[in-house]
Amino acid sequence: MTSLCRRTPYLPHCLRQHTKSRTTYSGNVWPRIIAQRASNTGRVRFLSSTAIPSIRKTWVDHLPPKVRPYAYLTRIDKPIGTLLLFYPCAWSITMASYALQLPITTPLTYIGLFGLGALVMRGAGCTINDMWDKNLDKAVARTQDRPLAKGDISYEQAVVFLGAQLTAGLGVLTQLNWYRYSALARSILLGASSLSIVTIYPLMKRVTYWPQAVLGLAFNWGALLGWSAVAGTVDWSVCVPLYAGGVCWTLVYDSVYAHQDKRDDVHAGIRSTALLFGTHTRPVLSGLSLSTISLISYAGYLNAHGTPFYLGIGLASIQLARVLRRTNFDIRSSCWEGFVGCGWAGFWIWMGALGDYALFMSLQAT
């Protein structure tokens, strides 16, 4: 509120901005505001504040009060995280269905299962992250309203909730290859093995400037698991470059995301590629974007994809270039828009693979 009001010349306007929508606070007190009003202009200057307000205006606020903190804990009101987890799964499922010439029911089934799994496991990942970062989140303006940091949920309640999330995730995982026991066992083992990476990711921001790389290893696991679910095994020649390209993509979007908090991170002792790359962020992320496109294109080449796939790759390239050209890494809102924009690159890659598969199916039907 302090920073907002310093940019706003009149006190009534500031107050109107904060009374138009529901306002929650990091604490149970109103900010202590000391104002000086010039006799001729009515301008105000805020000297101090004991709390920073956070304005929430999402559909989650309409949920029952006891449910609301858990919904915010899973970030269900911000679907971009679920989509970023889902897209590598969708790439792999669609590419495997294309390579094996499978009927449309196969990718539809697994897209549905992995979509549900992405929603559940992204929420579980957020719970694990916030359990690790409970104290760190209090030191960062953007995250100090998260339920654990704010005290809306206790650590014990979060543990129980995490158990429920992981049980639901296991339930989805057991639906993969259910008709083949050996393939099911491989898929469960492959899927469960990603949990170790998810668990240690929050720790990495305390010990290395490359936590985004660890996140990439976890968030793109679906590039391996999706193929395994469809085919019963993994075609490593295709999936390894696909997975590596996804990791590079994660480094791009999560570095953009990390720039939102870089000032707070310095004081909180949090490390990130945003701090590591600094003023070189744009050229470094350009190189990582090129690696993303090159590796995924190579995976498509090895999988014998055609023109529609590379059209999707082209659109993804344009999208990443637009994000890196337009994003102002010193403005939080611009970083958020760039982060969301990177997600569209993943969407276009999937559309390219899906277009290739649809073309194949139409040719088969004629």
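Residue pairs meeting the salt bridge (Lys or Arg N to Asp or Glu O under 4.0 Å) criterion with at least one partner in residues 199-211, sequence neighbours excluded, are Asp133-Lys205, Asp133-Arg206.
Residue-environment remark: NZ (Lys262) exceeds the threshold of 12 foreign heavy atoms within 6.0 Å. Surrounding OH of Tyr298 are at most 12 heavy atoms belonging to other residues, nucleotides or ligands under 6.0 Å away.
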- Item | Cys126 vs Leu73, side-chain contact (heavy atoms from CB on, under 4.5 Å): CA-CA, chis, key distance, verdict | CA-CA 7 Å; Cys126 290; Leu73 185 63; 5.9 Å; no
- Message: Quick one, Asn129 with Lys134, criterion side-chain contact (heavy atoms from CB on, under 4.5 Å). Give me CA distance, side-chain angles, the key distance, then yes/no.
- Response: CA-CA 8 Å; Asn129 182 81; Lys134 177 181 177 181; over 6 Å; no
- Task: Please test Leu176 against Phe114 for side-chain contact (heavy atoms from CB on, under 4.5 Å), starting from the C-alpha separation and ending with a verdict.
- Result: CA-CA 9 Å; Leu176 310 181; Phe114 275 80; 3.8 Å; yes
- Message: Quick one, Thr281 with His259, criterion side-chain contact (heavy atoms from CB on, under 4.5 Å). Give me CA distance, side-chain angles, the key distance, then yes/no.
- Response: CA-CA 10 Å; Thr281 291; His259 270 277; 2.9 Å; yes
- Item | Working for side-chain hydrogen bond (donor to acceptor under 3.5 Å, both in side chains), residues Ser97 and Tyr110 | CA-CA 10 Å; Ser97 299; Tyr110 286 105; over 6 Å; no
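The two atoms that bring Arg325 and Arg282 nearest to each other are O-NH1, 3.9 Å, heavy atoms only. Shown here for Val252 and Ser289, the closest heavy-atom pair between the two residues is CG2-OG, 3.6 Å. Closest approach of Gln260 and Cys335 over heavy atoms only: CG-CB, 3.7 Å. Closest heavy-atom contact between Ala231 and Leu100: CB-CD1, 3.5 Å. Looking at every heavy atom in both residues, Leu173 comes nearest to Ala192 through CD2-N, 4.2 Å. Closest of all the heavy-atom pairs between Ala141 and Asp264 is N-OD2, 3.1 Å.
The ring of Tyr257 has its center closer than 6.0 angstrom to the ring center of Phe339. A distance below 6.0 Å separates the ring centres of Trp91 and Trp249.
Side-chain atoms of Thr208 do not come within 3.5 Å of backbone N or O of Met204 as any donor-acceptor pair. Side chain of Thr273 to backbone of Leu276: no donor-acceptor contact under 3.5 angstrom is found. The backbone N or O of Gly216 lies less than 3.5 Å from no partner atom in the side chain of Thr250, so there is not a single donor-acceptor pair. Side chain of Ser196 to backbone of Ser193: a donor-acceptor contact under 3.5 angstrom is found. The main-chain N or O of Pro88 is never found under 3.5 Å from a side-chain atom of Ser92 such that the two would form a donor-acceptor pair. Panel note: side chain Thr94, backbone Ala90; a donor-acceptor pair is recorded below 3.5 Å. The backbone N or O of Gly123 sits less than 3.5 Å from a side-chain atom of Thr127, completing a donor-acceptor pair. Of the possible polar contacts, none joining the Tyr243 side chain to the Val238 backbone as a donor-acceptor pair under 3.5 Å is found. The closest donor-acceptor contact from the side chain of Thr327 to the backbone of Leu324 lies at 3.5 Å or more, if one exists at all. Counting only distance, with no hydrogens or angles, the side chain of Gln157 and the backbone of Ser154 share a donor-acceptor pair below 3.5 Å.
Going from atom CZ of Arg122 over to atom CZ of Arg75 covers 7.0 Å, rounded to the nearest 0.5 Å. The distance from the NE2 atom of His280 to the CG atom of Leu285 is 12.5 Å, given to the nearest 0.5 Å. Rounding to the nearest 0.5 angstrom, the gap separating the CD atom in Gln144 from the CG atom in Asp137 is 9.5 Å. Atom CD1 of residue Ile76 and atom CG of residue Leu119 lie 5.0 Å apart, to the nearest 0.5 angstrom. Here Tyr87 contributes atom OH and Asn220 contributes atom CG; the two are 13.5 Å apart, rounded to the nearest 0.5 Å. Annotation: the span from Ile293 atom CD1 to Leu288 atom CG amounts to 12.0 Å, rounded to 0.5 Å.
Proximity of Ile296 to Pro241: side-chain heavy atoms (C-beta onward) are nowhere separated by under 4.5 Å. Residues Tyr72 and Asp61 are in side-chain contact: their nearest non-hydrogen atoms beyond the backbone lie under 4.5 Å apart. The side-chain heavy atoms of Ser272 and Tyr209, taken from C-beta on, include no pair separated by under 4.5 Å. Residues Val140 and Ile270 meet the side-chain proximity criterion, which asks for heavy atoms closer than 4.5 Å. Considering only heavy atoms from C-beta on, Met361 stays 4.5 Å or farther from Tyr98 through its side chain. Inter-residue side-chain proximity for Thr74 and Phe161 is flagged as met; some heavy-atom pair is nearer than 4.5 Å. Proximity of Trp227 to Ile93: side-chain heavy atoms (C-beta onward) are nowhere separated by under 4.5 Å.
Taking a cutoff of 4.0 Å between a charged side-chain nitrogen and a carboxylate oxygen, Asp130 and Lys150 do not qualify as a salt bridge.
Residues satisfying the side chain to side chain contact (heavy atoms under 4.5 Å, CB included) test with Leu108, not counting sequence neighbours, are Ile104.
Aromatic ring pairs are classed by plane angle as parallel below 30°, tilted from 30° to 60° and perpendicular above 60°; the pair Trp344 and Trp348 is tilted. In this pair, Trp210 and Phe277 present their aromatic rings perpendicular. The plane angle is above 60°, beyond the 30 to 60° band. Under the 30°/60° scheme for interplanar angles, the aromatic rings of Phe86 and Trp350 are found to stand perpendicular.
Linking ILVMFWY side-chain heavy atoms closer than 4.5 Å, directly or via other members, places Leu354 and Ile349 in a single hydrophobic cluster. Leu116 and Ile80 fall within a single hydrophobic cluster, where Ile, Leu, Val, Met, Phe, Trp and Tyr are joined by side-chain heavy atoms under 4.5 Å apart, directly or via other members. Linking Ile, Leu, Val, Met, Phe, Trp and Tyr whenever their side-chain heavy atoms come within less than 4.5 Å puts Val240 and Leu190 in one cluster. By the criterion of side-chain heavy atoms lying less than 4.5 angstrom apart, applied directly or through intervening Ile, Leu, Val, Met, Phe, Trp or Tyr residues, Val160 is not grouped with Met131; the two fall into different hydrophobic clusters. Trp132 and Leu136 are not part of a single hydrophobic cluster, where members link through side-chain heavy atoms under 4.5 Å apart.
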Donor-acceptor contacts under 3.5 Å from residues 304-316 side chains, at least two apart:
| unit_1 | atom_1 | unit_2 | atom_2 | d |
| --- | --- | --- | --- | --- |
| His305 | ND1 | Asp356 | OD2 | 2.9 |
| His305 | NE2 | Asn303 | ND2 | 3.0 |
| Tyr310 | OH | Tyr301 | N | 3.1 |

